[in-house]
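Please read the structure below before turning to the comments.
Predicted model, so just to flag it, every value in this text is computed and none were measured. Numbers here are sequence positions counted from 1.
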Amino acid sequence: MEKLTLKTGLFADADVIIQAADAPVIDLTADLSDDDWDNVLDQILECDLVITA
C-alpha cells in the first residue's frame, strides 16, 4: 500500500504523526510553485492512503 503524509501545520503533534506514518512527507506549509502543486496532486491521486499531519 502506498502511503503519503501531508504536513499541513494544523496539528501541534504533527512530528509524532509523521514518524508513526512511516511514509513520504510533503510539507504544504512550504512555499510551493504551481508545478510543485501539480506534483502534489499527482502524488495524492497515485497513493492508496493520505495522512494529514
Side-chain angles (χ1 to χ4, degrees):
M1 175 188 323
E2 279 191 60
K3 300 184 285 183
L4 179 64
T5 305
L6 302 176
K7 183 176 180 182
T8 62
L10 299 175
F11 303 98
D13 56 353
D15 293 333
V16 174
I17 297 168
I18 289 169
Q19 188 175 19
D22 190 31
V25 178
I26 298 176
D27 186 356
L28 299 181
T29 64
D31 189 24
L32 300 174
S33 68
D34 288 341
D35 289 337
D36 292 335
W37 278 110
D38 288 343
N39 187 28
V40 168
L41 292 174
D42 288 342
Q43 289 183 42
I44 290 171
L45 293 173
E46 291 173 3
C47 73
D48 300 311
L49 176 65
V50 178
I51 302 153
T52 56

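Contact detail for E2 and C47: the closest heavy-atom pair is O-CB, 3.7 Å.
Annotation: D42, atom CG; neighbour count of heavy atoms from other residues, nucleotides and ligands within 6.0 Å is above 12. Counting non-hydrogen atoms of neighbouring residues, nucleotides and ligands closer than 6.0 angstrom, the CG atom of D22 reaches no more than 12 such neighbours.
In this view, T29 and D27 satisfy the side-chain hydrogen bond (donor to acceptor under 3.5 Å, both in side chains) rule, not counting sequence neighbours. Q43 is linked by a side-chain hydrogen bond (donor to acceptor under 3.5 Å, both in side chains) to N39, counting only residues two or more places apart in sequence or in another chain. D38 meets the side-chain hydrogen bond (donor to acceptor under 3.5 Å, both in side chains) test with no other residue; sequence neighbours excluded. Residues passing the side-chain hydrogen bond (donor to acceptor under 3.5 Å, both in side chains) test with D15: none are found, sequence neighbours excluded.
Other members of the cluster containing W37 are L4, L6, I26, L28, L32, V40, I44, V50, with ILVMFWY side chains joined at under 4.5 Å, either directly or via other members. Taking Ile, Leu, Val, Met, Phe, Trp and Tyr as hydrophobic and joining them when side-chain heavy atoms fall under 4.5 Å apart, one finds I18 in a cluster with V25.
The main-chain N or O of A14 is never found under 3.5 Å from a side-chain atom of K7 such that the two would form a donor-acceptor pair.
The OG1 atom of T52 lies 7.0 Å from the CD1 atom of I17; values are rounded to the nearest 0.5 Å.
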### Query
So V16 and F11, side chain to side chain contact (heavy atoms under 4.5 Å, CB included) or not? Walk me through it.
CA-CA 10 Å; V16 174; F11 303 98; over 6 Å; no
